J.: 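Have a look at this one before I ask anything.
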Amino acid sequence: MEVNCEGCAGCCIDWRAISSAPSDHERRGPREPLDDDYNLVPLTRGDARDFLNAGLADVLTPRLWRDESGVEIDGVSLSAIDDKPAFFLGLRKSPKPVALFDADSTWLPTCAFLDPTTLQCRIHDEETYPAECADYPGHNLELGQETECERVEATFGGERLVDDEPPDDLSGFLFGPQAIGEKVFVFPDPERLEGVVARAAVDELTAEDRALFAAAAVSSAPGTTTVNRDRFESALAAARETDSWVGRAIDDWEDRAADVGSAAPDPTLAERVEDDRGAPETPGWNG
Ligand code: SF4
Ligand code: SF4
């Protein structure tokens, strides 16, 4: 596998607003995500623990799915395992000014960790770098699914996926029952999600709501739907206390942003919004 990522970041940004033929690849099949995110990064249990331990739990957010054969909460029927709502844990996006593929700077939903000036990941060399990001697009190649690199090629030209041979070692590749408790999590107390699901359906999750899912993911047990109650409560307390540079930067970007797809200021505004709050620097492509 070889990819040409310089000047791309297509898998880290929701670039549908600047695409003439936006992809709907995450919304095919019987289960439709409750959120409207694009290119959600599904984290492993280990990733979730690393974010919690690094004091970055406020960047975590769940993905639930509509499913007519699931459990109903707040009038929404949700995918469930053993009658407990199932979810992925991903990374929040925030509106950022990005100049993609020679376009002018535009407000686009962007991974909280993407440096919009260099289009590089701020946690690439950190303990928290997600397994899914390290492997991307290896899982797609292994499953014969279209990659984001190819979608970028199809829309903007150029060569992004240089070699489509899947790598031998895909650390975050979990499929079927082995994914339960490792990448597909369950929420232990469905009644505790009353009100939360209604907010999730309109993209209005609160910090407290997101902390509940972070706690459930880190206290899950691999291969089972079991959640350790003591671990859940201690993880919830830790997640509630989190107040990181990235959480504060998301709030700031949301205050500054105009509509998705509209003209944005120069991406170097990130120096004030992110770098000055303690965001790790990125080297740039000449570094
Ligand atoms: S879409 Fe492909 S080429 Fe573009 S940044 Fe992601 S992995 Fe790299
Ligand atoms: S963590 Fe880094 S590589 Fe992964 S989606 Fe976010 S910016 Fe991209």
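Counting convention: from 1, in listed order, for ligands and their atoms alike. Remember, predicted model here, so these are calculated numbers, not experimental data.
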J.: Is a side-chain N or O of Trp15 found less than 3.5 angstrom from the main chain of Gly10, in a donor-acceptor match?
T.: yes
J.: Note the single closest protein heavy atom to atom 8 (Fe) of ligand 2, along with its residue, its atom name and the distance in Å.
T.: Cys12 SG, 2.4 Å
J.: May I ask you to check whether Cys11 brings an N, O or S atom to under 2.8 Å from atom 6 (Fe) of ligand 1?
T.: yes
J.: Quick one: which of Asp36, Asp24, Asp37 gives a salt bridge (charged side-chain N to carboxylate O under 4.0 Å, His left out) with Arg16?
T.: Asp36
J.: Tell me the protein heavy atom at minimum distance from atom 4 (Fe) of ligand 1, and give that distance in Å.
T.: Cys8 SG, 2.3 Å
J.: Can you tell me which residue and heavy atom of the protein come closest to atom 2 (Fe) of ligand 1, and the distance to 0.1 Å?
T.: Cys149 SG, 2.3 Å
J.: May I ask you to check whether Glu271 and Thr268 show a side-chain donor-acceptor distance below 3.5 Å?
T.: no
J.: Quick one: does Thr128's side chain have a donor or acceptor within less than 3.5 Å of a partner on Glu126's backbone?
T.: no
J.: Apply the side chain to side chain donor-acceptor pair (under 3.5 Å) test between Thr282 and each candidate in Asp275, Thr118, Asp125; give the one that qualifies.
T.: Thr118
J.: Are the charged groups of Asp209 and Arg199 less than 4.0 angstrom apart, N to O?
T.: yes
J.: Taking only heavy atoms of Cys133 into account, list the atoms of ligand 2 that are under 4.0 Å away from them.
T.: 1 (S), 3 (S), 4 (Fe), 5 (S)
J.: Around atom 5 (S) of ligand 2, find the nearest protein heavy atom and jot down its residue, atom name and distance.
T.: Val41 CG2, 3.6 Å
J.: Just which atoms of ligand 2 are under 4.0 Å from any heavy atom in Leu114?
T.: 7 (S)
J.: Classify the side-chain pair Ser244/Asp58 by whether it contains a donor and acceptor separated by less than 3.5 Å.
T.: yes
J.: Determine whether the side chain, the backbone, both or neither of Leu91 has a heavy atom under 4.0 Å from any heavy atom of ligand 2.
T.: side chain
J.: Which atoms of ligand 1 sit under 4.0 Å from any heavy atom of Ala9?
T.: 5 (S)
J.: Looking at every non-hydrogen atom in both residues, tell me the closest pair between Arg256 and Trp107 and how far apart they are.
T.: O-CZ2, 3.8 Å
J.: Nearest to atom 6 (Fe) of ligand 2, what protein heavy atom do you find, and at what distance?
T.: Cys111 SG, 2.3 Å
J.: Applying a heavy-atom cut-off of 4.0 Å, say which part of Asn4 lies close to ligand 1: side chain, backbone, both or neither.
T.: backbone
